[in-house]
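The structure appears below as structure tokens.
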Amino acid sequence: MKRTARAALAAVSVAGLTLAMAACSTSAPSGDADGPLTVWVMGDSGANFEKLVADSGIDVDVVAIPWDSIDEKLTTAVASGSGPDILQIGLSKLRTFADAGALLPLDDELAAHPGLDPANFPAGVSGTSTSVNGQIVSIPWTSDTRVLFTRTDILAEAGIDAPPATWDELRADAKILAARGDGNYGYYIPQWDAPLPIEMTWSMGGEVIDADGNVDFDTPEFQKAVDLYTGLYADGSVPTNGDFDQTAGFISGVAPMLVSGPYLGKGVADSAPELDGKWQASPLPAGDGGSISLFAGSNLGVWFNTQHKEAALDLLEYVSQPEQQLAWYGLTGELPTVTSALEDADLNSDPNVQVYTDQLKTAKVLPLVSNWDGAVGTELLNALNAIVLTGADKQTSLDGLYSKTAGLSIK
């Protein structure tokens, strides 16, 4: 998923989608039963998906949907009852569309499709990242976790002999690196990246969901995360322009440390092979709670009224084969979700990839609050960006966040 596009996603309410669902017939066909299988792939991966399934023996029509158009596209499809047969789902959207009834429950289908057995996937990948209200409504497709990327050559020039292992070390190192001169920074915070402060909170030993399942940011651990987040800006260690390009900034050395996913590593390797040996991935910095990262990635689901259910399940099983998962990594740099593929010796022969797969073992899924992006992520970023970019009062901004997210729940 393109990270800059995620921030532009419009808020879609479950209530709106549910009303739209009520207006359509659940027996309406999603296409000609004798026609090809329609697959919605998000972002710019349509051509790669066509390559992946070319030898599947299944007639597939791949449609690439821009990430910033998915809410509108899905709302229209739910209202009309005419959608794809398979669609890619970002995990932060899973609850919203499951609650709207847009996804076919798969529990009763898995016995006939052993390649989709939850046991084939790590415990942290299946279960909480595929099910809503006790029903399996999607299959893991790609893994995505966040790790720390550093330009080790630039850190060495500044007298820093290893990537920071803790957030305190990262803040101190970032301040040293920012002192290299005007136009240089030590670290990069994407202003659209709502999961980052959540990861910081987890690393401090906290949660953002209370014991009753409600969103709760008013905790000491979140306050520590806010102090870290805002402190990096206060130190002058972070660029403030919203159009900063993280890949270009990392390659140029302007921002020699940042947290990102494996796609960044592929981008650097493809665009700047001359930097081979001058950068590395390492675990996310730790706080009192350890190194806890995000499990993101995406799933594949079957449309609720598909006329191609068996073909859809066959295709899901095909792309879940370890060899196809590894082929997809080769095409896109997106990590597998199948355990045997994640443990593949060739995949892990790259030390950076080994960091990714190790980090996945402690990664956590964002809480499955319906419309997390619009209802929680947006409010979180509004509060933090107001503090660091406009000088808004910290406590007033946080109180506003607490109030606007009160009552939201994973239940």
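Just so it is clear, the values below take in all heavy atoms, side chains as well, and ignore hydrogens, waters and symmetry mates.
Under the 3.5 Å distance criterion, the side-chain polar atoms of Glu317 are left unmatched by any main-chain donor or acceptor of Leu313. Under the 3.5 Å distance criterion, the side-chain polar atoms of Ser409 are matched with a main-chain donor or acceptor of Gly213. Side-chain N or O atoms of Arg171 include none that pairs as donor or acceptor with a backbone N or O of Asp168 at under 3.5 Å. Checked by atom type and distance alone, the side chain of Asp117 never pairs as donor or acceptor with a backbone atom of Asn120 at under 3.5 Å. Judged by distance alone, with hydrogens and angles left aside, the side-chain atoms of Arg95 form a donor-acceptor pair with the main-chain N or O of Leu368 at under 3.5 Å. A donor-acceptor pair is defined here as one N or O able to donate and one able to accept, closer than 3.5 Å; such a pair exists between the side chain of Ser143 and the backbone of Pro336. Trp303 places no side-chain N or O within donor-acceptor distance of the main-chain N or O of Ile86, the cut-off being under 3.5 Å. In terms of modelled atom types and a separation under 3.5 Å, the side chain of Asn348 and the main chain of Leu342 share a donor-acceptor contact. Looking only at distances, no side-chain donor or acceptor of Ser138 sits under 3.5 Å from a matching main-chain atom of Ser131. A side-chain donor-acceptor contact under 3.5 Å links Asp344 to the backbone of Asp346.
Of all the heavy atoms in Gly253 and Ile154, the pair that sits closest is CA-CD1, 3.4 Å. For the pair Leu155 and Pro164, the tightest heavy-atom approach, listed with the atom from each and the gap, is CD2-CD, 4.5 Å. Listed here is the closest heavy atom pair of Ala375 and Leu408: O-CD1, 3.7 Å. Closest approach of Leu37 and Ala311 over heavy atoms only: CD2-O, 3.8 Å. Considering every non-hydrogen atom in both Ser291 and Leu284, the closest pair reads OG-O, 2.6 Å. Annotation for Thr201 and Ala225: closest pair OG1-CB, 3.5 Å, computed over non-hydrogen atoms.
Here the CG-OG1 distance, from Asp61 to Thr38, works out to 5.0 Å after rounding to the nearest 0.5 Å. Between the CG atom in Leu366 and the CD1 atom in Ile209 there is a gap of 9.5 Å [rounded to 0.5 Å]. Taking OH from Tyr187 and CG from Leu170, the interatomic distance works out to 6.0 Å, rounded to the nearest 0.5 Å. Summarising the geometry, atom CE belonging to Met257 is positioned 13.0 Å from atom CZ belonging to Arg151; distances are rounded to the nearest 0.5 Å. Here Thr306 contributes atom OG1 and Leu104 contributes atom CG; the two are 8.0 Å apart, rounded to the nearest 0.5 Å. Note that NE2 of His113 and CD1 of Ile139 are 10.0 Å apart. Values are rounded to the nearest 0.5 Å.
The closest side-chain donor-acceptor pair between Thr405 and Tyr402, if any, does not fall under 3.5 angstrom. No donor-acceptor contact under 3.5 angstrom links the side chains of Tyr263 and Glu334, judged on distance only. Residues Trp40 and Gln88 have side chains that never bring a donor and an acceptor to within less than 3.5 angstrom of each other. A donor atom on one side chain and an acceptor atom on the other are found under 3.5 Å apart for Gln354 and Asp358.
Between Trp279 and Phe250, the ring planes lie perpendicular to each other; the angle is over 60°, past the 30° to 60° tilted range. The aromatic rings of Tyr188 and Phe244 are tilted relative to each other, their planes meeting at an angle between 30° and 60°.
Residues Val39 and Leu87 fail the side-chain proximity criterion, which asks for heavy atoms closer than 4.5 Å. Using a 4.5 Å cut-off on side-chain heavy atoms (C-beta onward), Lys73 and Thr76 make no contact. The shortest side-chain heavy-atom distance between Thr337 and Trp141 does not fall under the 4.5 Å cut-off. In this structure the side chain of Phe149 never reaches within 4.5 angstrom of the side chain of Val268, judged on heavy atoms. A 4.5 Å side-chain heavy-atom check between Pro367 and Val208 finds at least one atom pair inside the cut-off. For the pair Val132 and Asp99, the minimum side-chain heavy-atom distance is below 4.5 Å. With contacts defined as side-chain heavy-atom distances shorter than 4.5 Å, the pair Leu258/Leu264 qualifies. For the pair Pro197 and Leu380, the minimum side-chain heavy-atom distance is below 4.5 Å.
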Test side-chain contact (heavy atoms from CB on, under 4.5 Å) applied to Val226 and Leu384, step by step = CA-CA 8 Å; Val226 171; Leu384 293 178; 4.1 Å; yes

query = side-chain contact (heavy atoms from CB on, under 4.5 Å) between Val376 and Lys404: does it pass, once the steps are laid out?
reply = CA-CA 8 Å; Val376 181; Lys404 291 175 181 177; over 6 Å; no

ask   = Please walk me through it: do Asp212 and Lys411 pass salt bridge (Lys or Arg N to Asp or Glu O under 4.0 Å)?
value = CA-CA 9 Å; Asp212 295 321; Lys411 297 181 178 179; 5.4 Å; no

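For Asn241, the CG atom sits in a packed shell: over 12 heavy atoms of surrounding residues, nucleotides or ligands are nearer than 6.0 Å.
For Phe217, the ring pair (Phe, Tyr, Trp, His ring centres under 6.0 Å) test picks out Phe222, with sequence neighbours left out. When the side chain to side chain contact (heavy atoms under 4.5 Å, CB included) test is applied to Lys266, the partners found at least two apart in sequence or on another chain are Asp270.
Within the structure, salt bridge (Lys or Arg N to Asp or Glu O under 4.0 Å) contacts touching residues 285-314 (residues at least two apart or in different chains) are Glu109-Lys309, Lys224-Asp288.
The pair Glu207-Lys364 meets the salt-bridge criterion, with a side-chain N (NZ, NE, NH1 or NH2) lying under 4.0 Å from an Asp/Glu carboxylate O.
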